[in-house]
Every structure is written in C-alpha cells, then in structure tokens.
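Working notes, beginning with the structure itself.
So that the names make sense, note that chain A is the first sequence line, chain B the second, and so on, each numbered from 1. Everything numeric here is computed off the predicted structure, so don't read it as measured data.
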Amino acid sequence: MSESAELLADLTDDQKAAVTHGEGPLLILAGAGSGKTRAITRRVAYLLRSGVRASNILAITFTNKAAGEMKTRVEKLAPGNKVWVSTFHSLGARLLRQYADRLGYDRNFTIYDMDDRNKLVKDALEASGIDNVKFSPERIGGAISKAKNQFITPAAYQKTATDFFQQTVSVVYPLYEKRLRNANAMDFDDLLYLPAMALKLNEELRAELDARFRYVLIDEYQDTNSAQYQIVKQLSRDYPNVCVVGDPDQSIYRWRGSDIKIILDFERDFPQSRTITLSQNYRSTKSIIHAASVLIDHNKQRKKKDLVTDNPQGDPVNVITFDNGLDEADGVVTRIKEAVKSGKFKYRDHAIFMRINALTRSLESAFVKHGVPFQIVKGLAFFERKENRDVLAYLRLLANPQDTVSFLRVVNEPVRGIGKVSLDKLQSFAAGQEIGLLVAAGQVARITEIKGKAATGLRDFHRMMSELRSRLDLPPHELVRLVLEKSGYETMLRDSTDEEDADRLMNVGELVTAAKQFWDEDNSRTITDFLEQITLASDVDGWDEQADHVSVMTLHASKGLEFPVVYVLAVEQGLLPHERSLSNDEEVEEERRLCFVGMTRAMKELYLCHARMREFRGQLNYCIVSQFIQELPRDVNFIDPSMSRNVARTAADEWRVKSSHAAKDWADTGARPFIPPVRKPNPDLKPTIPDAPDTGLALGVLVQHEEFGLGTVTEYSGYGALRRVKVRFPAHGEKLFVGDKIRLKVVGRRKA
DNA sequence: CTGCTCGGCCTTTTT
DNA sequence: GGCCGAGCAG
C-alpha cells in the first residue's frame with residue numbers, strides 16, 4: 001500500500017482521481033501543461049501495482065520518442081514490467097506482421113513513405129487513362145490518404161465523389177491500391193486502415209485482442225482519426241477499460257483526417273464513462289497563460305475552458321518586429337547568445353518554432369555565423385539523403401523482392417545501362433506475367449525487345465540481388481556493408497571526382513554504423529525491423545534533448561514539449577495563419593490552435609517575431625503582422641530593434657506605407673493592417689558580437705587530419721580557446737577537437 | 001537508347 | 001532553392 005501511496009504523493013486531487021480510476025471508460029480533458037503525461041504514466045504504474053498484468057496493458061503515444069520515454073518511466077515506477085507502449089502506426093505494423101498469415105498478407109511487406117506513395121500514385125494516374133490531368137500526384141495521394149484515415153473504402157469514395165477532383169481520385173484510388181498490394185507494400189495509412197478493417201470484420205481476432213489488451217490508454221486523443229478510433233473502439237468492447245487523454249484546444253491535425261469530434265463525443269460513445277478535467281497549469285508564467293488563453297478564446301467552435309496557474313506573473317509576452325527574414329534569424333540567435341553569455345539561460349533552454357520547414361534555412365546560417373550550437377528537429381533527415389535512400393532501397397528490395405518502387409530506384413544506380421525505354425518494356429512484361437520486376441529481370445532472356453547493354457545489365461542486376469538475398473539472415477549492418485560492396489555503389493562514390501561524393505561516401509558509411517547500433521541494442525532485430533524503425537520515425541524521434549543546443553522545429557513537432565524560452569518566427573498573415581487556410585474559418589481556427597500550442601510550450605519567456613519584409617520564392621515581399629498578434633491582450637511588450645539604428649528608420653517608415661497596401665490583399669479575410677506603436681530608439685541595445693576570424697572551418701567543410709585522414713565538420717562552435725570542432729571520419733567515426741591549435745587543414749568547401 | 005544538362009515549376013503542417 | 005521533364009549529344 002505504501003508503494004501505491006508513493007505513486008500518488010505529489011499529485012493533485014484531480015490527477016489522483018485519474019490515476020486511481022478503476023475499470024470503465026475514462027476521459028481526461030487536460031489543458032496545456034497540466035501534467036497529463038505524468039498522470040497517464042502513473043496510471044499505468046498504478047494499474048500494474050494493483051495486480052493488472054503488464055501484457056494486458058496497451059498504451060498509445062503520439063511519437064516513438066514519447067513511447068520510449070513512457071516505457072522507461074513505467075519501468076522505473078514498476079520495475080520488471082514490459083508494457084506495450086507504441087504509436088498507432090507501430091502498433092498497426094506489428095499487428096499486421098504478427099497476424100499476417102491469418103489476414104492473408106505477406107509479413108515481409110515494405111512500408112512506403114510519402115515519397116514512395118507519390119511515385120505509385122503517379123504510376124496509377126498514368127495508367128488510369130485520364131488525359132489532361134490537372135492534379136498533382138501529391139494532391140491525389142493526399143486525398144487518398146485522408147480517405148483511408150477516415151476509413152473510407154475505394155467503393156464508398158466513388159459513391160460520394162462529386163466534383164471533378166474527387167472523381168479523379170475515385171478512379172486512381174483503386175488502381176493505387178492494386179499497385180500497393182502487387183508490390184507487397186503498405187502505406188502509412190494502411191497501418192491503421194487494415195488493422196481497423198480486420199478488427200471490424202474478423203470477430204475472432206477482435207475478441208482475442210480485446211481480451212489481450214484489457215486496459216487501453218491513449219495520449220493526444222484530440223488528434224485521433226476515424227481509423228484509429230475504430231481500433232480503439234474494437235479493442236474496448238468486451239473490456240471497455242479505455243482511458244483517453246487530450247485537449248481539444250491542441251487539435252492540430254485536422255488536415256490529415258483527425259477529427260476533433262472523436263474526443264468531444266467520447267462520453268456518448270462510451271456510456272458510463274467518467275470525465276476528469278485537469279485545468280491547473282504547472283508549466284508557464286501567468287503572463288504566458290493569459291496571452292495564450294486570450295488568443296484561443298477567439299475560436300468560436302470551442303468549449304470554453306479556463307487555464308489557471310499558481311506560477312509567478314513573469315515577464316510580459318514579447319512581440320519583436322524585424323526588418324526582414326535575415327534580421328529575424330540573426331536577431332533571435334544574437335538574443336539567445338546574449339542570454340547564455342549573461343548566465344541567465346543555457347542554449348538547451350531555448351527553442352525556436354515556425355510554421356513551415358523552409359524557414360529553417362536562414363536560421364541555419366545565422367547559427368553557424370554566431371557559433372551557436374543548434375539542432376534542427378527534422379525527421380531523420382540523415383536517412384532522407386539521396387545516397388542513403390538508395391542504399392535503403394537496395395535493402396528493402398532484398399527484404400521484399402516485389403517492391404516495385406525500390407526496384408525502379410536502384411536498378412540503374414549505379415548506372416548499368418538500363419534506361420527508361422527498357423524499363424517500360426520490363427514493366428509491361430512483368431504486368432502480363434503477373435510477376436514482380438525483380439523476377440522479370442531474371443527472365444530478361446525471354447523478353448525479345450530488350451537486348452544489348454540493357455539486357456546484360458538487368459541479368460547481372462538480378463544475379464547480384466539473388467546472391468545478396470541468400471545472405472538475408474546476416475545482422476543488419478553486415479548486410480548493409482555487403483550491399484555497398486556488391487552493388488558497386490561504394491565503388492561508384494569512391495571513384496567519383498565530384499567532391500560531394502566524398503560526403504556521400506561518408507554518409508553511407510554512417511549508415512553501417514547506424515545499423516550496427518540498432519543491432520547492438522537488440523541482437524534479435526532484423527533488417528526489416530531496421531527499415532521499419534527508420535520509416536516510422538517521427539520528426540522529434542531524432543531530437544537529442546540532452547545536448548546543450550538550441551532546438552529548432554515546426555510548431556507541429558513542438559507538441560508535447562516544453563522549454564524555458566520560446567521564440568516563434570514569422571508570425572505573419574499568410575504564414576501563421578498559413579495562406580492556404582485563410583479561405584476557411586475552421587482552418588483558421590486550427591491555425592490559431594497551432595499558435596496556441598507553440599505559445600504554451602514556453603515556461604518563462606515567450607517571443608513572437610515577425611518581419612516587415614521576407615524573401616519568398618526568390619522574391620522580396622512586404623509582410624503584415626498576423627491577426628493572432630492583434631488578438632493578444634494589450635499588455636504585450638513590443639520590441640523594435642531597428643529603432644536603434646537610424647539607417648533602418650527609412651525602411652521602417654516605408655514599410656508602414658507599403659504594408660498597408662499589402663494588407664489590401666488580405667481584405668477579404670477580415671485581417672486588418674496592423675501598425676505596431678512607434679517606439680523611441682532604445683539606447684540600451686547592445687551591439688552585436690564581432691564575428692570570429694575566418695578559419696575557413698564551418699559546418700560541412702571537408703578537412704584533412706594527419707592521423708585520421710579526410711573528414712567532414714559536423715559541429716562547429718566558439719572561437720579561440722573555446723572553439724569546438726567535431727569532425728566525422730569515415731574510418732574513425734566522430735572526433736572532437738577543442739581550442740586554437742587544431743591540426744585540421746581545410747581541403748574543400750561544401751557547395752551552397 | 002542512354003545519360004546529362006538546362007530551364008520551368010512549385011513549396012504547409014506529418015505518422 | 002530543389003525537382004522533374006524536355007531536349008540534345010554520344
């Protein structure tokens with residue numbers, strides 16, 4: 001008993017009630033920063049200590065990283081228990097592989113990401129016979145994805161399709177599905193859609209899994225879509241011990257099929273449910289909570305909910321006006337550097353959020369220029385590089401010889417003299433024989449139209465892949481190494497004179513290391529597991545929160561995190577809210593929630609930034625401040641650094657005129673031009689820190705070391721005795737060099 | 001027939 | 001700034 005008491009000791013009454021709730025459905029409406037993750041984790045531990053078996057608990061989180069953290073925390077609170085914690089997608093993949101036989105799937109299926117999906121959609125679109133196609137594969141793929149997430153079959157879609165776009169989609173959707181199945185592939189949405197369908201149609205399986213997962217807990221329930229809801233529902237019929245946690249004000253994935261109604265209807269869907277509201281915020285200052293609350297209150301489609309905090313008032317929320325996007329990047333990085341220099345905060349206390357990924361570019365150069373350590377939290381960007389995608393495609397094709405997309409990606413990489421025309425012939429032969437492309441390549445002798453170089457190339461490719469396939473049981477990293485060697489990919493890069501290929505060579509080398517680490521963690525894991533982990537990784541999964549660096553990410557990726565100091569960039573009309581949302585009130589409300597999510601990540605200081613001008617698609621545009629800034633309470637603090645520099649005065653004045661013209665473009669959206677109050681020049685503003693002397697060293701630069709050889713700079717910060725340079729050497733891994741006298745010779749610059 | 005280069009096009013957010 | 005398709009040389 002005392003053990004359980006210790007689990008509850010530092011909780012409020014509401015949190016305690018959530019943790020100790022027994023059987024039956026439970027809805028926890030948890031405001032931002034109210035400790036919902038803590039409550040859900042404690043609840044799992046509490047269940048375990050009350051005698052529930054670990055194997056009877058299923059917990060769903062939004063990212064793999066969150067899943068890992070929850071596992072660790074549960075393990076700490078209730079040692080020795082292995083609870084199944086995963087994302088919906090990982091759960092789906094695992095179920096599909098585990099029950100492949102019973103469901104009629106091949107367990108070695110490949111998981112296609114958006115890129116792969118779009119290629120297949122393009123192919124289906126071309127085969128559809130629709131001429132004069134006006135819609136991009138991306139757009140059609142997006143519509144199919146949304147349909148699957150809303151649990152709509154191709155047949156059902158066809159019935160409801162009204163406009164021309166929907167009719168196009170309804171023709172392509174079944175063709176695309178056929179191609180997926182032929183390639184023995186699943187897209188992201190299948191990982192939800194197919195298990196949901198199986199649970200719905202296969203009562204035996206449903207009852208089995210319902211009994212197995214007697215307790216189901218789901219985080220971020222406000223972002224659940226229909227397919228996910230089906231899974232939850234079917235797993236909670238005989239044992240309706242389902243506990244969901246969410247905040248309707250933080251629903252930000254409507255655009256990909258999430259439905260806020262699902263959380264709002266929970267009480268109706270699960271009779272006899274109990275609802276607990278957590279409205280006490282433990283994260284932010286009163287100023288931040290107040291500003292965020294006033295903003296979100298502008299949403300009409302909203303259940304009114306108050307957020308309160310006992311935390312101190314804190315500094316007012318700041319709005320900073322910059323001249324242009326470059327100034328913004330520079331200004332923010334400079335402020336962070338000064339905050340760290342003064343000892344007030346560490347780098348890791350800072351986060352910078354933005355609406356779109358494209359804005360990270362100017363930031364990147366500002367960080368490098370000022371020698372400030374940073375991490376852009378963008379997926380596993382490393383695995384998205386062309387060379388790594390190529391090597392991964394070889395591996396995918398080995399694991400699943402039916403994989404069309406991967407075959408086409410690597411069959412002529414390195415060049416084997418197999419061009420488009422030959423591949424078209426191969427594809428029609430394969431389609432006629434109803435065989436995969438790799439198998440067809442093995443029968444190239446039977447295809448009379450293909451001869452010469454192309455025929456030899458295909459035959460050799462097939463032979464090589466067959467040899468590699470016989471080694472499929474090797475540990476992942478050894479297989480990667482073998483692929484590099486046998487495919488000729490390594491040789492191609494090594495023999496190249498293009499200096500970028502030296503980088504690429506190192507990257508594919510790193511891929512071997514990554515596979516080795518993966519295998520070292522658990523020797524039972526296969527190449528399929530490795531590929532799956534990479535594909536299902538989310539943006540934040542690659543984030544290292546331990547390191548002392550500034551974190552840069554999209555507003556979407558920031559969900560669930562917290563930082564002492566938060567900067568939100570480009571809070572401008574057209575970017576936040578994004579212009580694509582402006583024609584639709586519901587979408588603007590989602591943008592407002594997105595802004596709300598970003599603001600409520602901040603614990604102590606919050607800066608909303610915007611620029612007067614911003615370069616966009618190579619063009620300089622005048623920008624007007626976001627309607628969301630106008631919606632903030634009146635006590636926010638306006639900062640205009642350009643007021644301290646007389647040169648900028650003219651630019652600022654000019655902007656006041658021009659932006660009111662630009663504002664006309666937004667007239668129909670109801671946004672009004674907004675002119676921040678004119679401020680007196682600020683004499684306290686410190687001059688910027690002089691730049692470090694140019695050593696030629698910078699991120700990405702190729703260097704020569706007398707012992708380790710050629711390497712690439714992967715981290716660079718500081719100067720003088722405090723300079724830190726991290727270099728990755730293909731053969732020796734990463735090495736850190738500190739100080740002034742570094743024996744590194746710059747041999748090449750990375751191309752811009 | 002293959003492979004390279006140039007120019008036109010588009011760019012939200014993500015598992 | 002990056003990708004895809006068209007057009008041209010080998």
Just compare B/dT14, B/dT15, C/dG5 and give me whichever is closest to any side-chain atom of A/Thr87.
B/dT15
Describe the nucleic acid contact of A/Lys146 in one word from base, sugar-phosphate, nothing, applying a heavy-atom distance below 4.0 Å.
nothing
Look at all strands and tell whether A/Asp113 reaches a base, only sugar-phosphate, or nothing, counting heavy atoms closer than 4.0 Å.
nothing
Side chain to side chain contact (heavy atoms under 4.5 Å, CB included) with A/Trp255: which of A/Arg580, A/Glu590, A/Lys146?
A/Glu590
Do the side chain of A/Asn584 and the main chain of A/Ser581 share a donor and acceptor less than 3.5 angstrom apart?
no
Can you measure A/Asn357 atom CG to B/dT13 atom P for me and round it to whole angstrom units?
5 Å
Hey, which of these two, A/Thr535 or A/Gly419, hits DNA chain B nearer its 5' end, going by closest nucleotide?
A/Gly419
Do A/His556 and the base of B/dT13 stack face to face, with centres under 5.5 Å apart and an angle between planes under 30°?
no
Separation of atom CZ in A/Arg139 from atom C1' in B/dT13, rounded to whole Å
17 Å
Where the side chain of A/Trp255 is concerned, which of B/dT13, B/dT2, B/dT15 is the nearest nucleotide?
B/dT13
Just checking A/Lys425: base, sugar-phosphate only, or nothing, at a heavy-atom cut-off of under 4.0 Å?
sugar-phosphate
Where do A/Cys609 and A/Glu328 come nearest, in terms of heavy atoms and distance?
CB-OE2, 3.5 Å
Output the single nucleotide from B/dT12, B/dG3, B/dT14 whose closest atom is nearest the side chain of A/Arg355.
B/dT12
Could you tell me the separation between the CG atom of A/Asp115 and the C1' atom of C/dG2, rounded to a whole number of Å?
13 Å
Which value, rounded to the nearest 0.5 Å, describes the distance between A/Leu58 atom CG and A/Trp84 atom CH2?
7.0 Å
Identify whether NZ of Lys or CZ of Arg in A/Arg139 sits under 6.0 Å from the centre of the six-membered ring of A/Phe165 and within 45° of that ring's axis.
yes
Using a heavy-atom cut-off of under 4.0 Å over every strand shown, decide if A/Ser90 touches base, sugar-phosphate, or nothing.
nothing
Could you please name the option among B/dT2, B/dT12, B/dT14 that lies closest to any side-chain atom of A/Arg256?
B/dT14
Whole angstrom value for the distance that separates P of B/dC10 from CD of A/Glu579:
14 Å
In whole angstroms, the gap separating P of B/dT14 from CG of A/Leu594 amounts to 10 Å
Regarding A/Asp189 and A/Asn149, do their side chains bring together a donor and an acceptor under 3.5 Å, going by distance alone?
yes
Map A/Glu587 and A/Phe62 onto DNA chain B by nearest heavy atom, then report which one ends up closer to the 5' terminus.
A/Glu587
If you check the A/Ser422 side chain, which of B/dT2, B/dT15, B/dT13 turns out closest?
B/dT2
How close or far is atom P of B/dT14 from atom CG of A/Asn64, stated in whole angstroms?
15 Å
If I take atom CD1 in residue A/Ile356 and atom C1' in nucleotide C/dG1, what distance separates them, rounded to the nearest angstrom?
12 Å
Using a 4.0 Å heavy-atom cut-off across all strands, classify A/Phe88 as base, sugar-phosphate, or nothing.
nothing
Choosing from B/dG3, B/dT13, C/dG1, which nucleotide comes nearest the side chain of A/Arg361?
C/dG1
Mind checking if A/Asn412 touches a base, just sugar-phosphate, or nothing, with heavy atoms under 4.0 Å?
sugar-phosphate
